[in-house]
Amino acid sequence: MTEEKSLNFLEEIVEGDLKAGKHASIVTRFPPEPNGYLHLGHAKSICLNFGLALKYGGYTNLRFDDTNPVTEEVEYVESIKNDVQWLGFRWQNELYASDYFDQLFGFAVALIKKGLAYVDDSSSEEIAEMKGTPTQVGRDSVYRSRSIEENLRLFMQMKEGKYKDGEKVLRAKIDMGHVNMLMRDPIIYRIKHAHHHRTGDAWCIYPMYDFAHGQSDAIEKVTHSICTLEFVPHRELYNWLIENLEIYPSRQYEFARLNMTYTLMSKRKLLQLVNEKHVNGWDDPRMPTLSAVRRRGYTPEAIRDFCDKIGVAKRDNLIDISLLEFCVREHLNKISNRRMVVFDPLKVTIVNYPEGKSELLSSENNTEAAEVTHRDVPFSRELYIERDDFMEVPPKKYFRLSPGQMVRLKSAFIIKCEEAVKDSHGNVVELHCSYIPESRSGSDTSGVQVKGVIHWVSKQHAIPVEVRLYDRLFKVEDLSAVEGDFRDYLNPDSLRVLPQAWAEPALKKASVGEHFQFLRMGYFCLDPDFNGDKLVFNRTVTLRDMWAKEVKKG
RNA sequence: UGCCCGAUGGUGUAACUGGCAACACGCUUGAUUUUGAUUCAAGAAAGUCCAGGUUCGAGCCCUGGUCGGGCAACCA
């Protein structure tokens, strides 16, 4: 390492703390709520939290923030664990805020005993009303002056299930006139007669985020509690509770969440897309969830590289999705075996190639690999090429096939288009071509130079496969700047299914988790739930395409 | 009318903590290429939100503005 990368502001803080002897080593945590699937925004947080601990010699806990039983499920817990591991990180401890319910309850009692918490009988609406507004101070609740004994008794009764949902809450007694709305006697416990995915029916009162998160951090002696910007105002309360509960002083630091062009990064809205069937589940390859991009063929290496490249700061950002695609291509280019698949077939007959004959040609799997290996590709008289690779009236600089023109069939021969056969409507249905026997790939003595190289498959050897082409889920770049309902901006062409494309036979052996580059078409992987004998391939990402740009320019 | 964050090429992140702005993506052009991919080379693109101030010197410090984001869920 010749040049050292400059530190981001969190690394600076950590290095500063370490240097100052504030901590001997650091502890971070990744704290998802199990109420949905993890997405690319979480990947940034995961890479940050685990990355910091890895870099500075500490560890990271996976802690589920499961304090709201009505939205949380074990299905989400499982998917989250799976995704974090897939990304390549290992947590020190698997923990749950619900593990601390007893301690948290104790903290609440301690607060009451200090005269710093009270039971409020006001309704949700009343509490909201008395809270004031950002520019207007709040008012004290009439229950604010209850005695410690009464608060203790009432809180105990809340726990015992004497009251219905919403009948009472426990609030911290801070300051209803505080400029920070969160300090205006925040609710710290509420009644929910709901079944919890871990604690079952043991509890009917549950702590709020602010009374669980920081406390959990403290219990775990988390040194650096890293969260997104929207929690900045919570920090004051976070610190107030640490001070008044006299617990381990974890410190909270905030960074700007990841936003990406053409991408929605809100769990709530993603859930809506799933529920309303705009997509086929959380792992629909068009989704930004980790399970979806995995299914689509993104690699953990590419995502980690991406998280590294986007950096960490405190200003709002909108990352161009092309950076992610760049990272994906960069990795896939190195690891993917090349295969030939014709999506939209045009039949080609090699008129001077013997009928009934076929031969095996050899083609590189991946010239980028350290050790280049080969596979056999069958060649015969009848082939399929891409319909796009022929034009009867070619534009300038088009160096594929057109009447009288020559191209190289990748790893095979140079062919010349002798005739375009048409149907009664004038549509080209077949090409008659001649091939140059001496132009065989690897032993070309023909001396003929061609600019174009196209992919192909042998008609009789090709296997039919389904190909799914994905495009961006939304039509607009910046979803946050859009008016009206986000669902109005869904891209109707985000999924294109080609039920029958023709693949070279080597693809029969494809397995889930393997990455391929379909020559000139993009990177693909086998979909995990293909059914029957037909293989289904997902397009991970296209190749860069200068020709498409050229065409666009006109 | 309040409080809290933030502001550097199109996008994102840097700038050895005060020494005349760098890297990546994207874009343009050229070379190589049996993938119009990859690779390689070159280039365009900000004078750092504005106005003052401190200083020999400011993107970095100070003051005042402007703009953007956030703050009133028994969500996290």
Side-chain angles (χ1 to χ4, degrees), chain A residues 3-8 12 31-33 35 65-68 70-72 120 123-124 127-129 131-138 165-171 178-182 184 187-192 205-206 208-210 212-213 227-236 254 256 261 267-268 309-327 329-330 333-334 338 340 363-364 367-368 397-400 407-412 414 439 441-442 444 450-455 480 517-522 542-551:
Chain A
E3 57 195 278
E4 36 192 277
K5 221 185 139 199
S6 52
L7 305 177
N8 66 48
E12 272 175 12
E33 183 189 11
N35 66 345
D65 241 332
D66 57 349
T67 56
N68 186 2
V70 305
T71 56
E72 297 156 3
D120 196 329
S123 71
S124 173
I127 290 176
E129 197 272 321
K131 200 133 198 169
T133 70
T135 55
Q136 226 172 256
V137 298
D165 288 11
E167 232 178 292
K168 284 180 167 47
V169 292
L170 182 70
R171 303 177 71 178
H178 203 107
V179 285
N180 184 345
M181 297 284 295
L182 281 153
R184 322 239 261 231
I187 294 170
I188 56 178
Y189 258 97
R190 76 298 210 184
I191 300 170
K192 275 181 193 284
I205 57 171
Y206 293 92
M208 296 285 288
Y209 166 83
D210 287 303
H213 199 101
C227 59
T228 44
L229 250 28
E230 62 266 34
F231 291 97
V232 169
H234 291 254
R235 192 175 59 227
E236 196 169 10
E254 311 87 8
T261 54
K267 255 202 266 182
R268 206 195 91 239
K309 282 190 161 75
I310 59 176
V312 187
K314 297 187 75 162
R315 75 184 86 123
D316 292 333
N317 59 76
L318 183 63
I319 309 281
D320 196 325
I321 196 165
S322 66
L323 179 61
L324 210 212
E325 293 178 339
F326 168 82
C327 295
R329 287 192 189 106
E330 187 173 53
N333 178 47
K334 289 186 196 129
R338 272 59 173 170
M340 294 197 282
S363 189
E364 322 75 56
T367 52
E368 309 286 328
K397 290 194 276 186
Y398 183 83
F399 38 83
R400 277 116 96 152
V407 291
R408 149 97 45 199
L409 295 176
K410 172 69 183 174
S411 296
I414 293 174
S439 67
S441 202
D444 186 345
V450 292
K451 284 204 99 170
V453 179
I454 64 172
H455 62 281
S480 74
Q517 185 196 106
F518 290 178
L519 237 56
R520 307 205 299 140
M521 304 307 268
T542 60
L543 258 30
R544 276 182 79 220
D545 191 349
M546 296 307 250
W547 175 244
K549 268 178 209 159
E550 194 69 37
V551 171

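Everything numeric here is computed off the predicted structure, so don't read it as measured data. Throughout, a chain's letter reflects where its sequence line sits, starting with A, and its residues are numbered from 1.
- By the criterion of a centre-to-centre distance under 5.5 Å and near-parallel planes under 30°, the ring of W547(A) forms a stack with the base of G36(B).
- Residue-to-nucleotide contacts include a donor-acceptor pair under 3.5 Å from the side chain of R400(A) to the base of G36(B).
- Within 4.0 Å (heavy atoms only), L318(A) reaches sugar-phosphate atoms of the nucleic acid but no base atom.
- An anti orientation is assigned to G57(B), its glycosidic angle lying beyond 90° of 0.
- Rounded to the nearest Å, the gap between the P atom of G18(B) and that of C56(B) is 16 Å.
- Nearer to the 5' terminus of RNA chain B, by closest-nucleotide assignment, is the contact made by N8(A) (compared with the other of N8(A) and G452(A)).
- Between N68(A) and I319(A), the one whose closest nucleotide on RNA chain B sits nearer the 5' end is I319(A).
- Between G47(B) and G59(B), the distance separating the two P atoms is 13 Å to the nearest Å.
- Distance from the side chain of K549(A) is smallest to C27(B) among U17(B), C74(B), C27(B).
- Nucleotides A41(B) and G6(B), compared at atom P, are 39 Å apart to the nearest Å.
- For the salt bridge (Lys or Arg N to Asp or Glu O under 4.0 Å) test, residues two or more places apart in sequence or in another chain that qualify with D444(A) are R408(A).
- Distance noted for atom C1' between C60(B) and G19(B): 11 Å (whole Å).
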- Task: Step by step, work out the side-chain contact (heavy atoms from CB on, under 4.5 Å) result for R190(A) and N68(A).
- Result: CA-CA 10 Å; R190(A) 76 298 210 184; N68(A) 186 2; 3.9 Å; yes

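- In U17(B) the O4'-C1'-N dihedral to the base is within 90° of 0, which defines a syn nucleotide.
- A7(B) and A51(B) have their C1' atoms separated by 16 Å, with the value rounded to a whole Å.
- If you measure from atom CD of E230(A) to atom P of C75(B), you get 17 Å, rounded to the nearest angstrom.
- Rounded to whole Å, the C1' atom of A24(B) lies 36 Å from the corresponding atom of U63(B).
- Here the P atom of nucleotide C75(B) and the NZ atom of K192(A) are 4 Å apart, to the nearest Å.
- Rounded to a whole Å, the CG atom of N180(A) is 12 Å from the P atom of C71(B).
- Rounding to whole angstrom units, CD1 of residue I321(A) and C1' of U11(B) are separated by 13 Å.
- Nearest to the side-chain atoms of S322(A) among the listed nucleotides G26(B), A76(B), A24(B) stands G26(B).
- Distance noted for atom C1' between A37(B) and A31(B): 16 Å (whole Å).
- If you look at H213(A) and F231(A), their ring centroids are not closer than 6.0 Å.
- Side-chain proximity of S124(A) to A14(B), A37(B), C74(B): nearest is C74(B).
- C16(B) and C4(B) have their C1' atoms separated by 31 Å, given to the nearest Å.
- Using a 4.0 Å heavy-atom criterion, one finds that R315(A) contacts the bases of the nucleic acid, with or without backbone contacts as well.
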